[in-house]
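Both counts, for ligands and for their atoms, begin at 1 and track the order of listing. Sequence positions, counted from 1, serve as the residue numbers for this chain. Predicted model only: the values in this text are computed from it and were never measured.
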Amino acid sequence: MNSQRVYNFNPGPAVLPLEVLLQFQNDIIDYKGTGVGILETSHRSPEFDEIIGSAEKLLREILDIDDNYGIAFVPGGAHLQFSMVPLNLLSPGKTANYVITDYWSEGALEEAKKFGNTHIAATNKDNGFSKLPSEIKPSADCAYLHFTSNNTIYGTQFHEEPKINPDITLVADCSSDLLYKKIDVKKYGLIYACAQKNLGPAGVSIAIIKKELLGKQSPNIPVLLDYNVYIKNNSLFNTPPVFAIYAVDLMLKWIKKEGGLSVIEKRNKEKAKYIYDALDRNPFYLAKAEKTSRSLMNVTFNLPSKDLEKKFIDEAEKNSLTNLKGHRLTGGIRASIYNAFPIEGAKKLAEFMDDFARMN
Ligand SMILES: *Cc1c(COP(=O)(O)O)cnc(C)c1O
């Protein structure tokens with residue numbers, strides 16, 4: 001590791017692989033010998049054509065996405081997707097169904113309410129979002145069922161899709177876990193994710209959408225909120241976030257080079273195990289998520305007091321373990337360990353946790 005760099009547990013924007021950052025450094029000055037840096041490259045250039053083509057091709061390859069699905073690179077983050085989903089998929093007279101498992105799914109629901117009827121098909125709010133709901137009850141006239149695959153703030157994760165009638169269009173906010181392992185895209189109508197957690201820097205979101213769902217939206221839909229416009233124009237209707245898409249392409253190349261999603265998944269399990277094992281062997285720490293709902297991406301826990309939590313964060317910082325503070329809504333500790341987070345960092349945190357528990 002570069003000597004100035006620390007183990008960064010930030011939930012997003014999150015750590016990127018050093019080799020990818022070094023490639024940025026190079027390409028910002030001169031992209032592939034053109035004498036023009038990537039930040040200055042035209043979105044209509046052959047260089048960018050190749051980048052966006054490669055990103056789409058690699059994503060299709062890594063997740064086995066067939067031609068029944070279109071891929072859109074949409075500027076902005078997941079909140080914009082909260083609006084685009086109902087705008088594109090909620091037809092009049094139908095009901096948008098939401099599984100409420102976190103602050104983010106509540107945000108997605110609030111946005112849908114602006115555009116039509118909504119229904120909460122399941123929620124675990126009554127257990128403080130610590131154990132995921134097992135029973136999902138969609139309404140009769142369900143336009144789609146939206147769920148959040150990984151609950152970034154509370155640290156819970158659906159390790160498989162919610163069990164529902166396969167005729168229902170499943171929509172997933174995978175902002176904090178897309179590409180943490182292989183998923184079966186065919187089970188979904190729409191998958192979206194902002195890039196800045198697991199896929200690259202902020203500025204772009206990826207949407208993978210079944211083409212047959214497109215074209216049913218109101219003709220008054222703003223042009224840049226229409227998934228169809230992205231699919232028909234290869235995400236080049238307007239100036240896309242060139243750098244963010246270039247960075248996502250590098251991240252996809254990195255995943256492939258590391259050995260693909262089976263290797264990435266194994267590594268993610270290993271990283272999470274170090275930290276959860278440290279939680280479980282030290283009753284000093286209070287895990288937030290129930291065991292069966294634990295996230296491999298965000299590990300959340302409390303210490304016996306707020307003072308000890310502050311001390312934990314301060315001392316961790318001195319040990320090059322940074323950004324462990326929990327979300328402002330929930331407090332406590334949160335270790336975000338997405339794909340690019342190194343195993344050594346998870347191991348080091350686990351050792352630090354043992355030491356800290358012993359001394360305090
Ligand atoms: C971070 C996050 C969001 C919000 O993303 P923005 O890009 O800031 O709008 C939404 N959903 C999930 C699951 C997230 O982790």
> Which protein heavy atom lies closest to atom 11 (N) of ligand 1, and at what distance to 0.1 Å?
Replying inline: D173 OD2, 2.7 Å
> Knowing that exactly one of Y154, F129, Y103 qualifies, which makes a ring-ring contact (aromatic ring centres under 6.0 Å, His included) with H327?
Replying inline: Y103
>> If the cut-off is 4.0 Å to any non-hydrogen atom of F82, which atoms of ligand 1 fall inside it?
In response: 10 (C)
>> Under a 3.5 Å distance rule, please check whether K181 uses its side chain to pair with a backbone N or O of H159 as donor and acceptor.
In response: yes
>> With no hydrogens and no angle check, just 3.5 Å: does a side-chain donor-acceptor pair link Y227 and Q81?
In response: yes
> With atoms numbered from 1 as shown, which atoms in ligand 1 lie under 4.0 angstrom from a non-hydrogen atom of G77?
Replying inline: 7 (O), 9 (O)
>> Could you identify the single nearest non-hydrogen protein atom to atom 9 (O) of ligand 1 and state the distance to 0.1 Å?
In response: H79 ND1, 2.5 Å
> Between C194 and ligand 1, which part of the residue brings a heavy atom under 4.0 Å of the ligand: side chain, backbone, both or neither?
Replying inline: side chain
> For T152, does its backbone N or O pair with a side-chain atom of R334 as donor and acceptor, under 3.5 Å?
Replying inline: yes
> Counting distance only, does the side-chain N/O of N282 pair as donor-acceptor with the main-chain N or O of Y285 below 3.5 Å?
Replying inline: no
> Is the closest heavy atom of N150 to ligand 1 under 4.0 Å?
Replying inline: yes
>> Which residue and atom name correspond to the protein heavy atom nearest atom 15 (O) of ligand 1, and how close is it?
In response: T152 OG1, 2.5 Å
>> Looking at N302 and L286, would you say the former's side chain and the latter's main chain have a donor-acceptor pair under 3.5 Å?
In response: no
> Do the side-chain N and O atoms of D307 and S305 include a donor-acceptor pair separated by under 3.5 angstrom?
Replying inline: no
> Using a heavy-atom cut-off of under 4.0 Å, does the side chain or the backbone of D102 touch ligand 1, or both, or neither?
Replying inline: neither
> Does one side chain, of D226 or Q217, offer a donor that lies under 3.5 Å from an acceptor on the other?
Replying inline: yes
> In terms of atom number and element, which parts of ligand 1 are under 4.0 angstrom from non-hydrogen atoms of T148?
Replying inline: 13 (C)
>> Quick test: of every protein heavy atom, which one is nearest to atom 6 (P) of ligand 1, and how far off is it to 0.1 Å?
In response: A78 N, 3.5 Å
> Which of these, K197, Q196, H327, has its nearest heavy atom closest to atom 7 (O) of ligand 1?
Replying inline: Q196
